[in-house]
Amino acid sequence: MAKIGNIDLGEFPLLLAPMEDVSDPPFRRLCKMHGADMLYSEFISSEGLIRDAIKSRQKLDIFDYERPVGIQIFGGDEEAMALSAKIVATVNPDLVDINFGCPVKKVVSKGAGAGVLKDIDLMVRLTKAVVNSTDLPVTVKTRLGWDEQSINIEEVAERLQDVGISALTIHARTRSQMYKGHSDWSYIAKVKNNPRIHIPIFGNGDIDSPEKALLYRNTYGIDGIMIGRAAIGYPWIFNEIKHYFATGELLSPPTIVQRAEAAQNHLLWSVEWKGERQGVLEMRRHYANYFKGIPNFKEYRHRLVTFDSSAEIVNELQKISTSITF
């Protein structure tokens with residue numbers, strides 16, 4: 001059984017990855033409905049929280065139906081990270097997660113996210129500052145190392161465990177790979193098989209099917225899997241994996257009606273949380289994912305991304321439900 005502090009996640013949990021501009025409350029709610037066991041917020045800048053930035057504060061919104069849910073923070077300053085962890089604790093998440101894996105330039109250039117991979121001592125100090133500032137369990141998500149020549153995940157895992165983290169998620173790529181090339185889970189297995197390691201080790205990277213999830217579970221011995229990009233527009237992947245684990249059989253893919261219903265729920269929950277205009281605009285990036293692979297969808301998509309009101313979009317989604325067969 002995988003446990004983070006006192007949080008019981010079951011025998012082999014499936015975690016929704018924290019993804020910028022994706023893992024907001026409406027999307028998390030969909031993934032929870034479809035089988036995700038643990039949810040994480042979008043990453044939040046420690047500096048933004050301290051400055052009381054509106055966007056950063058909005059990312060602290062969590063709801064009881066999401067639990068267990070963690071809030072992820074990032075930054076490169078010990079004092080700011082410690083203070084932001086205290087701010088996070090005021091909204092009562094189940095845990096605090098530290099992002100040492102984001103590879104994008106605007107984060108790395110500030111000495112945060114994957115930028116910290118160049119300095120393990122700093123990574124340890126930042127983690128210790130957060131652990132010492134909160135009573136919540138603290139977890140970390142990171143990568144194998146900065147590049148192929150500096151893969152240091154085994155040392156990182158030991159040292160972060162020593163300063164008190166409760167679980168570690170490893171994206172099996174280096175920062176230099178970004179999201180390209182193949183992930184190498186053999187390094188995750190080395191961490192998991194290290195006799196010194198006693199915290200849960202979760203694997204992340206390239207899990208996009210039930211078959212691959214089972215193969216990686218059996219091959220690498222991890223305690224659970226974190227799923228990111230494969231869940232975008234396809235929250236069904238969590239229950240599909242669980243069903244395959246239990247029965248060895250693949251569930252049928254979602255019907256056009258189920259796809260339209262998921263997109264509609266996502267839209268309406270986004271409008272409820274963000275307001276009509278922002279909710280409508282920010283949903284436009286998602287429709288292509290919900291209807292990926294549907295033939296002759298171009299005209300429908302054009303209308304979905306040009307309508308300005310949620311009522312028009314809901315009407316269009318209902319037309320899609322009855323007009324398209326595949």
Side-chain angles (χ1 to χ4, degrees), residues 2-10 13-33 35-75 78-102 112-113 126-142 160 163-169 199-200 202 204 223-224 226-228 231 235 238 269-270 272-274:
K3 292 188 72 173
I4 300 176
N6 293 322
I7 308 166
D8 189 345
L9 295 177
L14 303 178
L15 295 71
L16 173 66
M19 294 177 283
E20 176 71 354
D21 294 327
V22 176
S23 300
D24 59 12
F27 181 71
R28 297 198 303 262
R29 184 175 180 180
L30 268 176
C31 291
K32 185 73 173 183
M33 284 178 58
D37 296 301
M38 177 81 202
L39 310 175
Y40 291 85
S41 71
E42 302 173 75
F43 69 179
I44 306 174
S45 163
S46 57
E47 301 285 352
L49 276 181
I50 294 169
R51 290 196 313 268
D52 207 29
I54 292 173
K55 186 174 182 181
S56 295
R57 287 283 178 164
Q58 188 182 33
K59 290 180 182 179
L60 290 178
D61 286 354
I62 56 174
F63 302 91
D64 282 341
Y65 56 73
E66 299 183 81
R67 295 189 185 278
V69 59
I71 290 178
Q72 189 185 73
I73 57 176
F74 73 95
E78 294 166 57
E79 186 176 347
M81 288 289 280
L83 182 53
S84 65
K86 291 181 182 293
I87 296 170
V88 164
T90 64
V91 301
N92 195 31
D94 295 285
L95 59 83
V96 180
D97 188 70
I98 305 173
N99 182 315
F100 289 139
C102 179
L126 291 168
T127 303
K128 186 175 182 179
V130 172
V131 170
N132 290 344
S133 69
T134 182
D135 293 327
L136 293 168
V138 175
T139 61
V140 165
K141 183 171 188 280
T142 190
L160 296 188
V163 295
I165 68 168
S166 297
L168 178 65
T169 300
I199 58 174
F202 303 120
N204 174 233
D223 296 294
M226 180 177 280
I227 296 172
F238 297 99
W269 295 337
S270 293
E272 180 183 1
W273 183 58
K274 302 173 184 177

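Small disclaimer: the values here were computed from a predicted structure and weren't measured.
Annotation: salt bridge (charged side-chain N to carboxylate O under 4.0 Å, His left out) contacts of Glu66 (sequence neighbours excluded): Arg28. Shown here are the side chain to side chain contact (heavy atoms under 4.5 Å, CB included) partners of Glu79, two or more places apart in sequence or in another chain: Asp77. Take Phe238 and apply the ring-ring contact (aromatic ring centres under 6.0 Å, His included) test, not counting sequence neighbours, and it matches no residue. Here Lys32 pairs with nothing under the salt bridge (charged side-chain N to carboxylate O under 4.0 Å, His left out) rule; sequence neighbours left out. Scored by the side chain to side chain contact (heavy atoms under 4.5 Å, CB included) test, Ala167 finds Ile4, Thr139, Pro200, Phe202 as partners (sequence neighbours excluded).
Using a distance-only test at 3.5 Å, with no hydrogens or angles considered, no donor-acceptor pair links the side chain of Ser166 to the main chain of Pro137. At least one donor-acceptor pair under 3.5 Å links the side chain of Asn204 to the backbone N or O of Met226. Within the 3.5 Å criterion, the main-chain N or O of Phe43 finds a donor-acceptor partner in the side chain of Lys59. Ser84 places no side-chain N or O within 3.5 Å of a backbone atom of Ser46 that could act as its donor or acceptor partner.
In this structure, CE on Met19 lies 9.5 Å from CD on Glu42, to the nearest 0.5 angstrom. In this structure, Thr142 OG1 and Asn99 CG are separated by 8.0 Å, a value rounded to the nearest 0.5 Å. A distance of 9.5 Å separates CD of Glu20 from OG of Ser41, quoted to the nearest 0.5 Å. Note that CD of Glu47 and CZ of Phe74 are 9.0 Å apart. Values are rounded to the nearest 0.5 Å.
In this structure, Val163 and Val131 approach most closely via the heavy-atom pair O-CG1, 3.5 Å. Of all heavy-atom pairs spanning Asp37 and Pro13, the tightest one is OD2-CA, 3.4 Å. Heavy-atom minimum distance, Ile62 versus Val91: CD1-O, 3.5 Å. Residues Ala82 and Ala129 approach most closely at CB-O, 3.7 Å, considering heavy atoms.
You'll find the side chain of Met81 reaches within 4.5 Å of the side chain of Ile73, heavy atoms only. Taking the side chain as every heavy atom from C-beta outward, Val138 and Ile98 approach each other to under 4.5 Å. Contact annotation: the side chain of Leu15 never approaches that of Ile227 to less than 4.5 Å [non-hydrogen atoms, C-beta and beyond]. At a threshold of 4.5 Å between non-hydrogen side-chain atoms, the residues Ile199 and Asp223 do not count as touching. Contact annotation: the side chain of Leu126 approaches that of Phe100 to within less than 4.5 Å [non-hydrogen atoms, C-beta and beyond]. A 4.5 Å side-chain heavy-atom check between Val69 and Leu95 finds every atom pair outside the cut-off. Side-chain contact between Val140 and Thr169 is absent, with no heavy-atom pair separated by less than 4.5 Å.
Looking only at atom types and distance, the side chain of Asp61 has a donor-acceptor partner in the side chain of Trp273 under 3.5 Å away.
A cation-pi arrangement is absent between Arg29 and Phe63 under the rule of less than 6.0 angstrom and at most 45 degrees off the ring axis.
Within a 6.0 Å radius of CG in Asp21, other residues, nucleotides and ligands contribute more than 12 heavy atoms.
Among residue pairs with one or both ends in residues 86-100, those qualifying as salt bridge (Lys or Arg N to Asp or Glu O under 4.0 Å) are Arg67-Asp94; sequence neighbours excluded.
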